[in-house]
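One structure is given below, encoded as structure tokens.
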Protein chains: 2
Amino acid sequence: MREPGPDKQEAILATALTLFTERGFFGTPTSLISKEAGVATGTLFFYFKTKEDLIDTLYRQVKSEAALAMCRGIEKEKTAQAKLQRLGHNAVAWGIQNPAKMKFMEQFAHSPFVSTSAHEEGMSHFLFLKDLVQDGIKKGEIRTVEPMLLFCMMASAFSGLIASASLAETADERVKIIDEGLDFIWNGMKA
Amino acid sequence: MREPGPDKQEAILATALTLFTERGFFGTPTSLISKEAGVATGTLFFYFKTKEDLIDTLYRQVKSEAALAMCRGIEKEKTAQAKLQRLGHNAVAWGIQNPAKMKFMEQFAHSPFVSTSAHEEGMSHFLFLKDLVQDGIKKGEIRTVEPMLLFCMMASAFSGLIASASLAETADERVKIIDEGLDFIWNGMKA
DNA sequence: CATCCTATTGACTGACCAGTCAATTTACGT
DNA sequence: ACGTAAATTGACTGGTCAGTCAATAGGATG
């Protein structure tokens, strides 16, 4: 009788992600989430104390997944430039392959109502990036600028690049856009 | 007896702007908007058919104001570079001087529920930018890249720069950040 | 003053929705 | 089989909120 598959909790999270990106946090009633996930209303509130708790959990999960994907393989690279370029490719690739998660994160980041703690925890995943930049500056590979400025500008430039690359129609075109976009960013920061 | 001052309609729009940036679209009941604006509930719906209509109107108004501020004086500049740099300064200055409007626009841009028509109308104010970029490419001042990519990346880089500059504590520091940030952008696009 | 149109009011309504809870089922250890 | 705790159910509730409407006021015009 019992579905063997993954937890209902996971089903709820996955369904919520889709619905939130389609209809926004407030446009998505919890009743719809549970219905689409194939569980009862009560079950949702068994796993998550409140709706906000659900959103928070989802955000932490997605953000740490994104951070993990971005870091993949950068320890193998030696120069700061190579590390940053690898990181850029990772970030853009992840963003394009996970449009829903990307949209969710952006929506969340610009919502004024969300818990500051989740915001800060989210940021913390990317602090290594600031160190990386500082390292690059010390070694003379990167221009001498306020690291926080570079951090902000990189983050937003990535988001613009992902948005732009997602519009591409063919795979070739997309690769070209990504390369050009990463070039744009690197030209901006190199010494 | 009659308040001589500006329309109630304007009071509603101004109040809505503040409340939306503080509490989000959905976290702000229309009843609160009318109360804070000093008008009755009915008055709000006399001027705006629905809540969405109010948000839409506000968006169009803010966006066109932003576009106007950005363009100020660019016709006086001759080269594409000078035009773009003037535009950059204008954009950042406006964003810093109007944090509420800035926040509102970003929130709106990332909300999945809003009318596509407003989105498109908003974009249309900035199409001249694409032409400007294309012109710069033709004259060899700007690298040969997909204009849409440049457009997206400039827009997001501006937003990152404004966010970063808003964090500055002293005016001097802010000027430095803005100059560095605009440099970053220009280095990324110049031929 | 009578007529008409626009602006304004706020009590009210119908719908919706987050979260509760008592009852039921499942899983598992003994 | 039995007991127990965790998981699951869905009807229900209390509150909230977008939008309505009948009533009123003000100003303009003749």
Side-chain angles (χ1 to χ4, degrees), chain A residues 1-61 104 107-108 111-115 118, chain B residues 1-61 104 107-108 111-115 118:
Chain A
M1 289 306 92
R2 205 60 177 324
E3 278 299 322
D7 256 7
K8 309 221 165 191
Q9 189 178 8
E10 276 175 49
I12 292 169
L13 284 166
T15 309
L17 175 67
T18 311
L19 290 173
F20 284 149
T21 55
E22 279 166 5
R23 327 176 26 135
F25 298 141
F26 294 89
T28 310
T30 53
S31 57
L32 183 63
I33 298 173
S34 43
K35 194 171 142 198
E36 295 276 303
V39 304
T41 12
T43 308
L44 193 153
F45 289 99
F46 175 75
Y47 287 110
F48 307 98
K49 256 195 302 298
T50 63
K51 187 183 182 181
E52 199 180 324
D53 182 30
L54 166 63
I55 298 175
D56 246 56
T57 307
L58 197 51
Y59 179 70
R60 288 170 210 266
Q61 193 178 292
F104 173 81
Q107 198 183 312
F108 189 97
S111 274
F113 81 97
V114 243
S115 83
Chain B
M1 285 305 94
R2 208 54 178 322
E3 278 298 322
D7 257 8
K8 310 221 163 188
Q9 189 178 10
E10 276 175 50
I12 292 169
L13 283 166
T15 310
L17 176 67
T18 312
L19 289 174
F20 283 149
T21 55
E22 281 167 4
R23 327 177 26 134
F25 299 140
F26 294 90
T28 309
T30 53
S31 56
L32 183 62
I33 298 172
S34 43
K35 195 171 142 197
E36 295 275 303
V39 303
T41 13
T43 307
L44 192 152
F45 289 98
F46 176 74
Y47 286 110
F48 307 97
K49 256 193 304 296
T50 63
K51 186 184 184 182
E52 199 178 324
D53 183 30
L54 166 62
I55 298 175
D56 247 54
T57 307
L58 198 50
Y59 178 71
R60 287 169 209 267
Q61 194 177 292
F104 172 80
Q107 199 183 312
F108 189 96
S111 275
F113 81 98
V114 244
S115 84

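Since we're looking at a predicted model, the values are computed, not measured. So you know, we letter chains A, B, ... as the sequences are listed, proteins then strands, and number each from 1.
Every ring-ring contact (aromatic ring centres under 6.0 Å, His included) that B/Tyr59 has, sequence neighbours left out, goes to B/Phe108.
Nucleotide C/dT9 holds its C1' atom 13 Å from the OH atom of B/Tyr47, rounded to whole Å. Taking atom CZ of residue A/Phe46 and atom C1' of nucleotide D/dG10, one finds them 16 Å apart after rounding to whole Å. With rounding to whole Å, A/Phe48 atom CZ is found 13 Å from D/dA7 atom P. Look at CD1 on B/Ile12: it is 12 Å from C1' on C/dT9, rounded to the nearest Å. In this structure, the CG atom of B/Leu44 is 17 Å from the C1' atom of C/dA11, given to the nearest Å.
Here salt bridge (charged side-chain N to carboxylate O under 4.0 Å, His left out) pairs that include residues 37-58 of chain B, with residues two or more places apart or in two chains, are B/Asp56-B/Arg60. Pairs of residues two or more places apart, or lying in two chains, never qualify as ring-ring contact (aromatic ring centres under 6.0 Å, His included) while including a residue from residues 29-48 of chain A.
Within the 4.0 Å cut-off from OP1 or OP2 of C/dT9, at least one side-chain nitrogen or oxygen of B/Lys8 is found.
Note: A/Leu54 CG to A/Thr57 OG1 = 6.5 Å, rounded to the nearest 0.5 Å.
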Under 3.5 Å, which donor-acceptor pairs link side chains of residues 33-42 of chain A to any protein atom two or more places apart or in another chain?
{"from": "A/Ser34", "atom 1": "OG", "to": "A/Thr30", "atom 2": "O", "distance (Å)": "3.1"}
{"from": "A/Ser34", "atom 1": "OG", "to": "A/Ser31", "atom 2": "O", "distance (Å)": "3.0"}

Below 3.5 Å, can you tabulate the donor-acceptor pairs from side chains in residues 11-27 of chain B to any protein atom, sequence neighbours excluded?
{"from": "B/Thr15", "atom 1": "OG1", "to": "B/Ala11", "atom 2": "O", "distance (Å)": "2.7"}
{"from": "B/Thr18", "atom 1": "OG1", "to": "B/Ala14", "atom 2": "O", "distance (Å)": "3.2"}
{"from": "B/Thr21", "atom 1": "OG1", "to": "B/Leu17", "atom 2": "O", "distance (Å)": "3.3"}
{"from": "B/Thr21", "atom 1": "OG1", "to": "B/Thr18", "atom 2": "O", "distance (Å)": "2.8"}
{"from": "B/Arg23", "atom 1": "NE", "to": "B/Gly27", "atom 2": "O", "distance (Å)": "3.1"}
{"from": "B/Arg23", "atom 1": "NH2", "to": "B/Gly27", "atom 2": "O", "distance (Å)": "3.0"}

Report task. Would you write the dot-bracket representation of DNA chain C, where each base gets (, ), [, ], | or . depending on whether it forms a Watson-Crick or G-U pair under 3.5 Å and with which partner? Result -> ||||||||||||||||||||||||||||||

**Report entry** Sugar-phosphate or base contact per nucleotide [nucleotides 13-19 of chain D; S, B, -; heavy atom under 4.0 Å]
**Finding:** ----SBB

